[in-house]
There are 2 protein chains.
Amino acid sequence: MTKTIPAYQRIKNAILDNIHSGKWQAGKAISTEMALAKEFGVSRMTVNRALKELSEERVLERRQGSGTFVAQQQFNHTFVEVRNIAQDLKSANRDYQAQVVSKRAITANMLDDELRRKFGIETAEALSAHSKNDDVANSAGATVLYEVKIIHFADGQPIQFEERWVDAKKVPEFIEQDFSVVNTSDYLIAKSPLERGSYTIRALAAPEEIATFLKIAPQSPTLVLRRQTYSAGQVVTFVKMWHAGDRYQFSGEL
Amino acid sequence: MTKTIPAYQRIKNAILDNIHSGKWQAGKAISTEMALAKEFGVSRMTVNRALKELSEERVLERRQGSGTFVAQQQFNHTFVEVRNIAQDLKSANRDYQAQVVSKRAITANMLDDELRRKFGIETAEALSAHSKNDDVANSAGATVLYEVKIIHFADGQPIQFEERWVDAKKVPEFIEQDFSVVNTSDYLIAKSPLERGSYTIRALAAPEEIATFLKIAPQSPTLVLRRQTYSAGQVVTFVKMWHAGDRYQFSGEL
DNA sequence: TAGTGGTCTAGACCACGTT
DNA sequence: ACGTGGTCTAGACCACTAA
């Protein structure tokens, strides 16, 4: 029993064939919706769906009032997928474990500059410079961030060292969780609608502390993913994930 | 003059509001197409479009015969964008230059195992084991791959060392190009419809040769992107791009 | 079997670009 | 003004799931 192929899919395939065979060149206009509807014996809506999907797939480019064109192939950007490490390892059928190395609350006056800027937290000094109310002393001593450091193991071997900071106001119960059981990302996703994030991937020499946790030689290459995630325009969490260079890689397809 | 918002977009927004406000919980079923059509006073096709797009955006999950459900938020995959280095540096308004270090044709009997497997090329020995025609000697001595090694500079500083291999049969004029002027990726994109690719990113200690070209200390961390690109199911090109760890990073948003 | 989503039709009117 | 794509309708039949 052969499956029935939807009409819009047949049309998509026919168009792709025309492009791959070179009959329709990049940048050139293709037949109009009306013409294709007549040619394939379907309604214009069906052709419209095929063309809309192909333009979402960046195969075609549509310009209202003008026509439909074969897109210039743009292979400039390559998207590499970075998965959640716990799920990644589990789905690879490897034995996954997490060990919490440290967990603490940080007050405003303990913050270093990088974190202060990232989370947009003012220092006690900065506050006192333009305000003189009683909150100054309080806010300097109040918990503003939670910090956790976790080692992730696959088959007993350390794979990732995670350093994470979370805005204490936005996720107050964060510090109470047992992160040897609950993944930090999974918890934050459940608690807070993560809207947007930015990421960098770098290769860095392992500092002493990280090398020890990953059981590698100091200064050996590590793959470092830094990510900050926003909710309602403010940073909710910032994380640095250190991977032993010879034990982990990011990979993907496009 | 306010722009008219399409009906399907109004419906999408209303659904997103219901999800963000917590009225519709993750995993739970939402109203049916018929119900929503009645509620918003539109046809079922319009509701269908809104729901289809939201399911493509992974906000909803649709199961034929069963219903439409709020998707479990999956922030597991993070897509990191890797751009074409020449365009990347130029758009960052930095002075870009490329220096071709070497360029050569490789015959079958010169190939190492990794490349042979990647491009699916049989060795002379493997060929003679199951065929005895005259092509054996020819194919062993014939050009099968082109190899180029290029250093990419930004503001006079080496940023990327590119090692690339290209199937000589698929892109015969490749070796004749001047890659200090034409970017290898741009040329291949223009010549061959690149269909699919797979990628890995790793952190590796720089071997002697690469360290020299990048003007860094041997064994220092490098960010290595390996990519192979297919056309018509066969590997067209394989490339290793080495970046000095402290001079380059991949970054992106989601 | 009843209800859901998946697809499709044969029209229609509108927004936009080109002429 | 004309032709393009963008959106929308009020039906229809089919494929699938659950009771």
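None of the values given here were measured: they were computed from a predicted structure. Scope of the values below: all heavy atoms of this structure, side chains included, with no hydrogens, waters or symmetry mates. The chains referred to below are lettered A, B, ... by the order of the sequence lines, with proteins before strands, and numbering in each begins at 1.
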(message) F40(B) vs Y8(B), test: ring-ring contact (aromatic ring centres under 6.0 Å, His included). Steps then yes/no.
(response) CA-CA 10 Å; F40(B) 288 96; Y8(B) 72 87; over 10 Å; no
(request) Strictly below 4.0 Å, heavy-atom distances to any atom of DNA chain D: list the hits from residues 37-56 of chain A, or just say none. (result) R44(A), M45(A), N48(A)
Nearest non-hydrogen partners of [X] and [Y], listed with the distance:
X: V70(B); Y: Q25(B); answer: CB-O, 3.4 Å
X: W24(B); Y: S31(B); answer: CZ2-OG, 4.0 Å
X: V235(A); Y: Q228(A); answer: CG2-OE1, 3.8 Å
X: P158(B); Y: I151(B); answer: CB-CG2, 3.9 Å

Just the rounded figure in Å: distance from [atom2] of [N] to [atom1] of [X].
X: I5(B); N: dC14(C); atom1: CD1; atom2: C1'; answer: 16 Å
X: E33(A); N: dG11(C); atom1: CD; atom2: P; answer: 17 Å
X: L60(A); N: dT4(D); atom1: CG; atom2: P; answer: 16 Å
X: Q9(A); N: dC14(D); atom1: CD; atom2: P; answer: 21 Å
X: L36(A); N: dA10(C); atom1: CG; atom2: C1'; answer: 17 Å
X: M34(B); N: dA10(D); atom1: CE; atom2: C1'; answer: 11 Å

Protein-nucleotides 17-19 of chain D N/O pairs under 3.5 Å:
none

(request) Would you mind checking if E56(A) and K52(B) are paired as a salt bridge, meaning a charged N to carboxylate O distance below 4.0 Å? (result) no
(request) Check whether any side-chain nitrogen or oxygen of Y8(A) sits under 4.0 Å from OP1 or OP2 of dC8(C), and answer yes or no. (result) no
(message) Measuring to OP1 and OP2 of dT4(D), would you say a side-chain N or O of T68(A) lies under 4.0 angstrom away?
(response) no
(request) Decide yes or no for E173(B) and Y187(B): does some side-chain heavy atom of the first lie under 4.5 Å from some side-chain heavy atom of the second? (result) yes
(message) With no hydrogens and no angle check, just 3.5 Å: does a side-chain donor-acceptor pair link T184(A) and R164(A)?
(response) yes
(message) So, taking the atom named CZ in R10(B) and the one named OG1 in T46(B), what distance separates them when rounded to the nearest 0.5 Å?
(response) 9.5 Å
